[in-house]
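Quick notes on the structure that follows.
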Amino acid sequence: MSIVIAVDGTAASGKGTLAKRLAQHFGFAHLDSGALYRLTAVAVLEAKGDPANEADAVRGAQTIDFNRAGDPAIRSDTVGKAASHVAAIPAVRNALKDFQQNFLAHPPGGGPGAVMDGRDIGTVICPTATAKLYVDARPEVRARRRWTELKNMGFRRAEQDVLAELNARDAADKTRLVAPLKQAPDADLLDTSDLGIDAAFAAALALVSPKVKDALKDRQRG
Ligand code: CDP
């Protein structure tokens, strides 16, 4: 069994940055599962399909181009909204589940663990994760962060619109029937509203480190 850190949370809560830094710190592999849903959405939109249509969305999930995971175009809010639509379709989630579970079982790079961020990692993809974080922040704070992020990527948006879109996407993610966004009972809540990146990372590390260290010791004992 590999060591798994599951980082779930709301849009623009800082979970992606935290997950990346935790992976770096422990020398674990990292997967942003949101990119899988965003890439599915891109495939559907480019094929002129409907992200809310099951057949179109499943075809999209089957034709993901992983080489585009780092493409800023997949970060747009149009793609985010379409991602939330495809993500509500059970057949899409099923199509992406094996890939995620396989990544956790055999972390690329051969290290002992993996960090995965998303919405359902600690609840559905890996309920037995070694450590679980649920990351959140006040909506206005998250909207400001996402607005800045979008601006830096060349997307000019009104902050009020970004806030409205985040709220709508969170509501959809929390109320969908399959794998809704929620805090797992054994996840630690981390509110990053008043924390900068370094302080948020220090807080995350304090929560997960003891669990990861125990798991590493257990592995050594065999
Ligand atoms: O970066 P941000 O938090 O805005 O979003 P993301 O993590 O890239 O995810 C985009 C959308 O994909 C979310 O709004 C969810 O609807 C969906 N998603 C999901 O359903 N399950 C995951 N494990 C990850 C993302």
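In listed order, ligands and their atoms are each counted from 1.
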Check this for me - ligand 1, [X], N or O atoms closer than 3.5 angstrom, yes or no?
X	result
D173	yes
R93	yes
Y37	no

| field | Residues forming a side-chain contact (heavy atoms from CB on, under 4.5 Å) with P108, sequence neighbours excluded | value |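 Only A29, F103 meet the side-chain contact (heavy atoms from CB on, under 4.5 Å) criterion with P108.
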
| Can you name the residues that form a side-chain contact (heavy atoms from CB on, under 4.5 Å) with Q24, not counting sequence neighbours? |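 Testing Q24 for side-chain contact (heavy atoms from CB on, under 4.5 Å), a comparison that skips the adjacent residues, returns R21.
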
| At the 4.0 Å heavy-atom cut-off, does H85 count as touching ligand 1? |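 In this structure, H85 fails to qualify as a contact of ligand 1 - no heavy atom is under 4.0 Å.
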
Among protein heavy atoms, which lies nearest [atom], and at what distance?
atom	answer
atom 8 (O) of ligand 1	R38 NE, 2.5 Å
atom 7 (O) of ligand 1	R119 NH1, 3.1 Å
atom 24 (C) of ligand 1	S33 OG, 3.4 Å
atom 3 (O) of ligand 1	K15 NZ, 2.6 Å
atom 1 (O) of ligand 1	R146 NH2, 3.2 Å
atom 10 (C) of ligand 1	R169 NH1, 3.6 Å

| request: Look at the side chain of D173 and the backbone N and O of T10, then say whether any donor-acceptor pair between them is shorter than 3.5 Å. | output: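 Not at all, since once roles are kept as given, no pair shorter than 3.5 Å links the two residues.
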
| request: Decide whether T192 and R145 meet the rule of one side-chain donor and one side-chain acceptor closer than 3.5 Å. | output: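 Yes, R145 and T192 have a side-chain donor paired with an acceptor closer than 3.5 Å.
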
| Region of A12 engaging ligand 1 - heavy atom pairs below 4.0 Å |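 Under 4.0 Å from ligand 1, A12 contributes backbone atoms alone.
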
| request: Classify the contact between Q100 and ligand 1 as side chain, backbone, both or neither, using a heavy-atom distance cut-off of under 4.0 Å. | output: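 Neither part.
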
Surrounding [atom1] of [X] (heavy atoms of other residues, nucleotides or ligands, distance under 6.0 Å), is the total greater than 12?
X	atom1	result
Q101	CD	yes
K213	NZ	no
L189	CG	yes

Please identify which atoms of ligand 1 are closer than 4.0 Å to at least one heavy atom of [X].
X	value
A11	3 (O), 4 (O)
R75	8 (O)
A87	16 (O), 17 (C), 20 (O)

| query | Among G34, A179, A41, which residue places a heavy atom closest to atom 25 (C) of ligand 1? | reply |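 Looking at heavy atoms only, the winner is G34.
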
| query | Got V124 and R119 here, is their nearest side-chain heavy-atom distance under 4.5 Å? | reply |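 A side-chain contact is absent here, since even the closest heavy-atom pair is not under 4.5 Å.
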
| Parallel, tilted or perpendicular: rings of F66 and F99 (30°, 60°) |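 Parallel: the ring planes of F99 and F66 meet at under 30°.
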
| message | Let me confirm one number: the CZ-CD1 distance from R59 to I64, rounded to the nearest 0.5 Å. | response |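 If we round to the nearest 0.5 Å, R59:CZ and I64:CD1 are 14.5 Å apart.
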
